[in-house]
Colleague: 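Below: one structure in structure tokens.
Nothing fancy with the numbering, it's 1 onward along the sequence.
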Amino acid sequence: MYILTIDMLQYDCPFVNTSDDLEVSYFGTYWDFKAECFVVRGYIIAKDEEELQNAIHALHNQPKFHKLQVLSREGNVALARAEIDYTSAMNSIRRNGGYIVGPFYVKNGSELWQVGFDTKEDMERALYDLEKDNQFTIKNQNRITVEEFSKIFSYSSVLADLMKEIENLTFTERRILKAAIKRGFYENPRKVNITQLAKEFGISKAGVSKNIRRAEKKILKHIEKILSLEKE
């Protein structure tokens, strides 16, 4: 099995179009492939309640949109069920033996897909087909066994919690933690220290340390849950 993470720009996708115009993101968790349309369930996450309403209104007015049902709503987040026409990219994936293997995430006019193929030939045909009408970048590519895929699926709820926690990091926490990882703060020996990071960001050493510790605390509690699922 071949698993691809694809950063997709679809010009005929209602979610991509509205996320490009509004401060909103979409997290799709379940799909149903019907003959006449594509059904997706997931979350609409906006900067505030007003922008959430703007996103719901904008989706209703998209050309390929059939129906939107808001299942629940709290603050700036809504759980929804949507019916839309198949996009060009989705048709390319499906007619070449591809299938969705994980949540998709839409933000700022682009969409991260997790798609799978049984054979390398299917994958190569699909990518060739996609190039005709779509812009995309392959972010990650792996060949995994059935056992490995089964493990990923069984951990899906915990991994979803981890992803949400990463999304909830503050801008400063995310920026500093990303720089710390990229610059080699966690390597042995360290390639960058707190003093150097503080100078880079123009804040105190205590500020850098505090943001790193807070980010670690938020993420590591979910890593511990994943480790707890592993057999000794």
Side-chain angles (χ1 to χ4, degrees), residues 4-34 37-93 100-115 130 133-140 156-178 215 218-219 222:
L4 298 179
T5 300
I6 305 176
D7 188 346
M8 183 78 68
L9 177 58
Q10 299 185 85
Y11 299 107
D12 59 346
C13 176
F15 299 113
V16 171
N17 293 339
T18 53
S19 74
D20 200 20
D21 298 329
L22 301 168
E23 293 187 64
V24 63
S25 59
Y26 303 98
F27 187 71
T29 56
Y30 174 79
W31 305 264
D32 187 8
F33 299 100
K34 295 186 175 182
C37 66
F38 173 53
V39 181
V40 58
R41 291 174 177 82
Y43 294 93
I44 306 172
I45 307 166
K47 71 166 185 176
D48 53 36
E49 293 184 48
E50 181 180 357
E51 195 75 337
L52 176 61
Q53 187 58 43
N54 291 337
I56 292 171
H57 177 74
L59 285 171
H60 278 296
N61 292 311
Q62 286 291 308
K64 283 183 171 287
F65 225 81
H66 288 229
K67 183 179 180 182
L68 177 67
Q69 180 184 7
V70 177
L71 303 174
S72 64
R73 181 170 175 173
E74 183 176 348
N76 65 322
V77 179
L79 175 63
R81 177 186 183 276
E83 297 180 10
I84 65 173
D85 286 338
Y86 286 101
T87 64
S88 171
M90 181 58 71
N91 280 329
S92 293
I93 294 294
I100 296 175
V101 298
F104 75 71
Y105 183 66
V106 188
K107 188 175 182 180
N108 297 330
S110 67
E111 184 173 10
L112 279 181
W113 284 22
Q114 307 288 333
V115 296
L130 279 173
D133 299 304
N134 300 277
Q135 294 182 24
F136 65 91
T137 303
I138 298 175
K139 294 291 187 179
N140 194 24
S156 59
S157 62
V158 181
L159 291 172
D161 288 340
L162 174 60
M163 291 172 64
K164 290 177 185 177
E165 198 68 75
I166 293 173
E167 180 68 21
N168 288 332
L169 292 176
T170 68
F171 174 75
T172 302
E173 289 168 353
R174 180 190 298 271
R175 194 164 63 113
I176 292 177
L177 181 61
K178 184 177 179 180
K218 291 177 180 179
I219 293 173
H222 298 289

Colleague: Could you pull out the closest heavy-atom pair between His222 and Lys218, with the gap in Å?
Modeller: CD2-O, 3.2 Å
Colleague: Ala55 and Val24: which non-hydrogen atoms are nearest, and at how many Å?
Modeller: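 Scanning both residues completely, I find the closest heavy atoms to be CB-CG2, 3.8 Å.
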Colleague: Do Leu52 and Ile44 come within less than 4.5 Å of each other through their side chains, counting heavy atoms only?
Modeller: yes
Colleague: What are the two closest non-hydrogen atoms of Pro14 and Leu59, and how far apart are they?
Modeller: O-CD2, 3.9 Å
Colleague: Going by salt bridge (charged side-chain N to carboxylate O under 4.0 Å, His left out), name the pairs with one or both residues in residues 103-115, residues two or more places apart or in two chains.
Modeller: Lys107-Glu167
Colleague: Can you check side chain to side chain contact (heavy atoms under 4.5 Å, CB included) on Leu112 and Ile6, steps first, answer last?
Modeller: CA-CA 6 Å; Leu112 279 181; Ile6 305 176; over 6 Å; no
Colleague: Would you say the side-chain atoms of Glu51 pair up with the backbone N or O of Asp48, donor to acceptor, closer than 3.5 Å?
Modeller: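 No: the side chain of Glu51 does not pair with the backbone of Asp48.
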Colleague: Give the C-alpha distance, both sets of side-chain angles, the deciding distance and a yes or no for side chain to side chain contact (heavy atoms under 4.5 Å, CB included) between Val39 and Lys34.
Modeller: CA-CA 7 Å; Val39 181; Lys34 295 186 175 182; 4.1 Å; yes
Colleague: Does Cys13 offer a backbone N or O that forms a donor-acceptor pair with the side chain of Asn17 under 3.5 Å?
Modeller: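 It does hold such a pair.
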Colleague: Donor-acceptor check, side chain of Arg81 to backbone of Val70, threshold 3.5 angstrom: yes or no?
Modeller: no
Colleague: Take Trp31 and Phe104, measure what side chain to side chain contact (heavy atoms under 4.5 Å, CB included) needs, and give me the verdict at the end.
Modeller: CA-CA 10 Å; Trp31 305 264; Phe104 75 71; 3.2 Å; yes
Colleague: Heavy-atom distance under 4.5 Å between the side chains of Thr172 and Arg174, does that happen here?
Modeller: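 Sidechains of Arg174 and Thr172: no contact.
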Colleague: Kindly list each side-chain donor-acceptor pair under 3.5 angstrom involving residues 73-80, sequence neighbours excluded, with atom names and distances?
Modeller:
| residue | atom | partner | partner atom | Å |
| --- | --- | --- | --- | --- |
| Arg73 | NH1 | Gln53 | OE1 | 2.9 |
| Arg73 | NH2 | Gln53 | OE1 | 3.2 |
| Asn76 | ND2 | Ala46 | O | 2.5 |

Colleague: Do Ile100 and Gln114 have side-chain heavy atoms sitting under 4.5 Å apart?
Modeller: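 Not in contact.
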Colleague: Counting neighbours of NE2 on His57 that are heavy atoms of other residues, nucleotides or ligands and sit closer than 6.0 Å, is the number greater than 12?
Modeller: no
Colleague: Report the C-alpha distance between Thr18 and Tyr26 in whole Å, list the side-chain angles of each, state the deciding distance to 0.1 Å, and finish with yes or no for side chain to side chain donor-acceptor pair (under 3.5 Å).
Modeller: CA-CA 10 Å; Thr18 53; Tyr26 303 98; 2.7 Å; yes
Colleague: Is any side-chain heavy atom of Leu9 closer than 4.5 Å to a side-chain heavy atom of Val16?
Modeller: yes
Colleague: For Ile56 and Leu68, what are the C-alpha separation, side-chain angles and deciding distance, and is it a side chain to side chain contact (heavy atoms under 4.5 Å, CB included)?
Modeller: CA-CA 8 Å; Ile56 292 171; Leu68 177 67; 3.7 Å; yes
Colleague: I'd like to know whether OH of Tyr86 has more than 12 heavy-atom contacts from other residues, nucleotides or ligands below 6.0 angstrom.
Modeller: yes
Colleague: Measuring from Met90:CE to Leu130:CG, what's the distance to the nearest 0.5 Å?
Modeller: 10.0 Å
Colleague: Would you say the side chain of Ile219 lies within less than 4.5 Å of the side chain of Leu162, judging by non-hydrogen atoms?
Modeller: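 Yes, close enough: below the 4.5 Å cut-off.
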Colleague: If only atom types and distance count, is the side chain of Asp12 paired as donor or acceptor with the main-chain N or O of Ser88 below 3.5 Å?
Modeller: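 Side chain of Asp12 to backbone of Ser88, a donor-acceptor pair under 3.5 Å: yes, one is there.
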Colleague: Output the distance between atom CD1 (Ile93) and atom CG (Leu4), rounded to the nearest 0.5 Å.
Modeller: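 Those atoms lie 7.5 Å apart.
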Colleague: Do any N or O atoms from the side chain of Ser19 and from the backbone of Ser25 form a donor-acceptor pair under 3.5 angstrom?
Modeller: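 Checking the backbone N and O of Ser25 against the side chain of Ser19, no donor-acceptor pair under 3.5 Å is found.
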Colleague: Hey, could you give me the NE2/CD distance between His66 and Glu83, rounded to the nearest 0.5 Å?
Modeller: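 Spacing of NE2 (His66) from CD (Glu83) equals 7.5 Å.
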Colleague: Considering residues at least two apart in sequence or located in another chain, which fulfil the ring-ring contact (aromatic ring centres under 6.0 Å, His included) criterion with Phe33?
Modeller: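 With neighbours one apart ignored, the set is Phe38.
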Colleague: How long is the gap from CD on Gln135 to OG on Ser110, to the nearest 0.5 Å?
Modeller: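 Reported to 0.5 Å precision, the distance equals 11.0 Å.
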Colleague: Kindly compute the distance separating CD (Glu50) from CG (Leu22), expressed to the nearest 0.5 Å.
Modeller: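 With rounding to 0.5 Å, CD (Glu50) is 10.5 Å from CG (Leu22).
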Colleague: Does Trp113 offer a backbone N or O that forms a donor-acceptor pair with the side chain of Tyr105 under 3.5 Å?
Modeller: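 The answer is no, because no donor-acceptor pair under 3.5 Å joins these two groups.
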Colleague: Look up atom CZ in Phe65 and atom CG in Asp85, then write down how far apart they are to the nearest 0.5 Å.
Modeller: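 Phe65 atom CZ to Asp85 atom CG measures 10.5 Å (nearest 0.5 Å).
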